[in-house]
Amino acid sequence: MTTDFIYITLADDDEDDRLFFTDAFSELKIDTKVNTFNDGVELMEYLNNSESVLPNILFLDLNMPRKNGVECLLEIKENKRFNDIAIAIYSTSSSEEHIEETFVNGANIYIKKPSDFNTLKKILSEVVTLNWQYHTSGLNKDNFLLRM
């Protein structure tokens with residue numbers, strides 16, 4: 001019997017946020033494989049390795065050292081190999097400037113990091129079970145920002 005996993009990747013420099021994220025997925029009843037990276041440089045090295053399994057959904061923190069989330073987003077959008085990756089911006093920032101910049105540059109959804117574990121589980125469950133093809137075909141700024 002084969003199990004179809006949803007491959008999830010998170011790039012976030014905050015160790016506590018990475019742990020919170022992986023713990024939330026371990027409690028969800030969804031077959032996922034979660035990879036985490038400390039910064040954008042590590043993420044891009046992984047994605048650019050032809051041996052790597054590309055994620056179905058990539059969660060990108062905006063404020064990371066060495067290479068930030070916007071730089072990663074731009075690099076990912078330049079490479080056709082990554083066209084099937086849904087990109088969720090996952091940030092503490094809720095500034096209109098950040099939301100606008102990531103929307104214009106091709107991210108699929110913007111999520112403000114919750115501080116509550118149960119809210120995080122609810123958000124991650126909703127994002128992972130989204131019909132991305134439908135969601136991105138009608139993407140506009142109103143459905144870009146996920147509100148909980």
Side-chain angles (χ1 to χ4, degrees), residues 1-40 42-44 46-47 52-64 67-148:
M1 184 174 143
T2 61
T3 305
D4 288 327
F5 289 96
I6 298 171
Y7 290 89
I8 306 292
T9 297
L10 168 68
D12 193 322
D13 62 312
D14 186 305
E15 187 175 351
D16 289 337
D17 285 350
R18 289 193 309 272
L19 185 60
F20 203 45
F21 186 88
T22 54
D23 285 351
F25 270 113
S26 69
E27 289 191 16
L28 294 176
K29 305 286 186 250
I30 303 169
D31 288 331
T32 57
K33 289 201 181 270
V34 180
N35 254 344
T36 63
F37 297 93
N38 300 327
D39 62 46
E42 283 184 14
L43 169 69
M44 294 314 300
Y46 174 82
L47 292 178
S52 297
V53 175
L54 295 179
N56 300 105
I57 306 170
L58 168 61
F59 290 81
L60 259 181
D61 183 26
L62 289 180
N63 300 311
M64 296 183 288
K67 185 176 283 191
N68 69 36
V70 172
E71 291 168 322
C72 291
L73 175 62
L74 292 171
E75 194 173 326
I76 289 165
K77 287 301 179 180
E78 288 176 356
N79 189 331
K80 289 188 187 324
R81 182 171 169 255
F82 306 138
N83 281 356
D84 293 333
I85 301 173
I87 300 173
I89 302 301
Y90 183 66
S91 179
T92 54
S93 169
S94 58
S95 90
E96 278 300 316
E97 182 182 330
H98 286 146
I99 293 167
E100 180 74 28
E101 180 180 26
T102 55
F103 175 75
V104 168
N105 286 309
N108 299 96
I109 197 164
Y110 194 104
I111 303 159
K112 183 171 180 342
K113 288 181 186 177
S115 55
D116 170 78
F117 189 68
N118 287 325
T119 304
L120 175 62
K121 288 192 323 186
K122 183 177 179 187
I123 287 171
L124 295 180
S125 178
E126 186 167 321
V127 169
V128 169
T129 57
L130 259 179
N131 179 337
W132 285 100
Q133 192 169 7
Y134 170 78
H135 180 78
T136 56
S137 70
L139 191 62
N140 61 55
K141 198 132 170 267
D142 293 333
N143 63 7
F144 179 64
L145 180 61
L146 180 65
R147 299 183 195 278
M148 285 283 163

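- Looking at R18, its side chain never comes within 3.5 Å of a backbone N or O of N38 through a donor-acceptor pair.
- Side-chain atoms of L54 and F82, non-hydrogen and from C-beta on, do get closer than 4.5 Å to each other.
- There is a side-chain donor-acceptor pair under 3.5 Å between N35 and Y46.
- No side-chain heavy atom of F20 sits under 4.5 Å from any side-chain heavy atom of D14.
- Closest heavy-atom contact between N68 and L62: CB-O, 3.0 Å.
- Formation of a donor-acceptor pair under 3.5 Å by the N108 side chain with backbone atoms of I87 is found in this model.
- Listed by chain and number, the residues in a side-chain contact (heavy atoms from CB on, under 4.5 Å) with I30 are I6, L28, T32, S125, V128, T129 (sequence neighbours excluded).
- Atoms CD1 and CG, on I8 and N56 in that order, are 6.5 Å from each other to the nearest 0.5 Å.
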Can D39 and E42 be said to form a side-chain contact (heavy atoms from CB on, under 4.5 Å), step by step?
CA-CA 6 Å; D39 62 46; E42 283 184 14; 3.8 Å; yes
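- A distance-only check finds a donor-acceptor pair linking the side chain of K112 to the backbone of T92 [under 3.5 Å].
- Below 30°, between 30° and 60°, or above 60°: for F59 and F25 the angle between ring planes is above 60°, a perpendicular geometry.
- Considering every non-hydrogen atom in both G69 and L60, the closest pair reads O-CD1, 3.5 Å.
- At a threshold of 4.5 Å between non-hydrogen side-chain atoms, the residues D12 and K113 count as touching.
- Between H98 and Y110, the closest heavy-atom pair is CB-OH, 3.6 Å.
- Minimum heavy-atom separation, S52 to R81: O-NH2, 4.1 Å.
- Counting all heavy atoms, side chain and backbone alike, S91 lies closest to D61 at CA-OD1, 4.0 Å.
- Residues L58 and I76 form a side-chain contact, since some pair of their non-hydrogen atoms from C-beta on lies under 4.5 Å apart.
- A pairwise comparison of heavy atoms in G106 and K77 identifies O-CE, 3.0 Å as the closest pair.
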Criterion side-chain contact (heavy atoms from CB on, under 4.5 Å) on F37 and M64, from CA distance to verdict
CA-CA 11 Å; F37 297 93; M64 296 183 288; over 6 Å; no
